[in-house]
There are 2 protein chains.
Amino acid sequence: MGIIERKEREKQEMKNLILEAASRLFQEQGYEKTSIRNIAERIEYSPATIYLYYKDKDELFYGVHEKGFELLFEEMKPLMNIADPLERLRKMGDTYVRFAFEHPDYYDLMFIVSAPIENLHKHNEEWDCGLQNFCLLRDTVAECLEKQLIKPVEPDIAAMSIFSFVHGMVSLTIRNRFIMFPKEQLPKMFEASMDNMMNLITASP
Amino acid sequence: MGIIERKEREKQEMKNLILEAASRLFQEQGYEKTSIRNIAERIEYSPATIYLYYKDKDELFYGVHEKGFELLFEEMKPLMNIADPLERLRKMGDTYVRFAFEHPDYYDLMFIVSAPIENLHKHNEEWDCGLQNFCLLRDTVAECLEKQLIKPVEPDIAAMSIFSFVHGMVSLTIRNRFIMFPKEQLPKMFEASMDNMMNLITASP
DNA sequence: CATTTTACTAAACAGTGTTCATTATATTTG
DNA sequence: CAAATATAATGAACACTGTTTAGTAAAATG
């Protein structure tokens with residue numbers, strides 16, 4: 001009975017086809033201007049077909065947001081080879097910011113838009129992809145603390161603070177709230193801010 | 001000719017009536033679930049009437065977001081009497097966080113939702129209300145730097161970092177991205193984070 | 001009072017997410 | 001192989017959304 005296995009495979013391929021089309025359209029014209037009908041048209045299926053594979057828009061958005069987290073994780077993984085946790089932490093920050101500006105619509109779905117988390121709550125599921133990435137940060141911070149490379153503080157507090165700081169910069173930029181600063185200066189200011197923050201948290205010998 | 005003055009006054013009253021209804025509905029059911037038709041129904045006018053006073057939804061959203069900034073400014077003003085800029089900075093942070101959680105939908109429109117800033121760009125206007133509030137922060141930070149109460153750094157970088165840090169915590173909470181932490185512990189963690197950040201930036205004597 | 005200006009609205013347009021009865025296709029069974 | 005069944009896909013509809021426009025009622029003006 002290889003048929004039901006093929007069917008299952010075809011179902012996954014179809015889910016992926018929809019996800020891929022959605023991701024592309026989000027990237028091309030923004031997720032706000034992308035409708036179910038747009039996605040259906042792109043893959044040459046009826047809008048109703050999408051609902052055979054995704055319960056609703058929130059579930060589809062969750063799928064795309066999950067793809068984003070996988071992409072981010074792939075970019076973070078190589079950094080785990082960096083022995084010095086302090087240097088690793090800094091590089092993680094750079095990677096995070098770069099990811100955000102290279103894939104602003106993924107970032108939006110991952111950390112700003114409500115829909116994906118709405119889906120999570122509806123189905124009482126765990127936020128695995130989000131937690132997986134957060135753990136990279138928390139573990140690195142914890143290692144910095146163990147080796148007394150940064151000033152002592154509760155690990156959760158440190159991780160939360162660093163995450164908040166970087167997300168704050170990124171999300172305020174994405175949502176256009178840094179118009180008091182010239183756009184072309186923002187990248188340099190980001191780096192200066194992150195350098196400054198690293199200096200502040202680093203334990204003085 | 002007091003008539004045109006009365007007409008002007010009535011026009012302002014009508015704009016305010018719409019704004020008030022919109023604000024109320026946003027607070028009651030969230031801005032996402034509030035439509036122009038809802039607002040029209042609430043004030044017992046036709047939906048088309050709203051378009052005689054606001055060009056489109058973005059302009060209406062801008063109006064509500066402006067009301068939010070006025071409210072925040074009113075809460076910040078009393079703090080300007082605090083002589084010690086470091087203490088003032090800390091209290092500003094507390095006030096900011098409290099404002100965000102007491103008026104999450106205002107906060108959303110002020111710092112997260114795109115619509116109000118879209119309106120700004122459409123009409124090539126300045127973000128007065130946003131800048132007014134940001135100046136309070138920047139001036140306080142500058143004063144801290146002058147009096148050497150915090151570690152030396154470019155004033156803009158310091159203001160940007162502090163703003164990003166607090167906004168990050170608040171927006172990640174509002175958009176439900178802190179589900180790795182128990183909800184009831186978040187307030188205490190916020191305070192610990194802010195205490196920690198104050199300690200980090202404070203100049204050692 | 002007649003005329004013009006103003007304020008308002010009903011109805012329509014084009015779009016949205018979503019559901020469901022119906023059809024076409026594929027698989028299984030006699 | 002043909003008939004019966006299960007699966008996949010869709011057209012059409014529903015209840016919404018923001019927005020525009022033609023037409024109407026009321027107020028201001030001469």
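Below, read A as the first sequence line, B as the second, and so on, with proteins coming before strands; counting in each chain starts at 1.
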Spacing of B:Ile50 atom CD1 relative to C:dA7 atom C1', expressed in whole Å: 15 Å
Any donor-acceptor N or O pair under 3.5 Å, side chains B:Trp127, B:His121: no
Atom-pair distance (CD on A:Glu32; P on C:dG15), nearest Å: 18 Å
Whole-Å distance separating the CD atom of A:Glu8 from the P atom of D:dA8: 10 Å
Nearest-Å distance for atom pair CG/C1', residues A:Leu52 and D:dT10: 9 Å
Residues in salt bridge (Lys or Arg N to Asp or Glu O under 4.0 Å) contact with A:Asp108, at least two apart in sequence or another chain: A:Arg175
Qualifying ring-ring contact (aromatic ring centres under 6.0 Å, His included) pairs with a residue from residues 32-52 of chain B, counting only residues at least two apart or across chains: none
Per-nucleotide protein contact string for nucleotides 11-24 of chain D, where B marks a base within reach and S marks sugar-phosphate only (heavy atoms under 4.0 Å, - for neither): B-B---BBBBB---
Length of the line joining A:Ile43:CD1 and D:dA8:P, which is rounded to integer Å: 15 Å
Interatomic distance, A:Tyr54 OH vs C:dG17 P [rounded to whole Å]: 16 Å
Touch class at under 4.0 angstrom, heavy-atom based, for B:Tyr53 against every strand present: sugar-phosphate
Partners meeting salt bridge (Lys or Arg N to Asp or Glu O under 4.0 Å) with B:Glu143 (sequence neighbours left out): B:Arg88, B:Lys147
Partner set under salt bridge (Lys or Arg N to Asp or Glu O under 4.0 Å) for B:Glu154, not counting sequence neighbours: none
Whole angstrom value for the distance that separates P of C:dT6 from CE of B:Met14: 17 Å
Those residues that, when tested against B:Glu41, pass salt bridge (Lys or Arg N to Asp or Glu O under 4.0 Å) (two or more places apart): none
Spacing between A:Glu13 atom CD and D:dA9 atom P, to the nearest angstrom: 12 Å
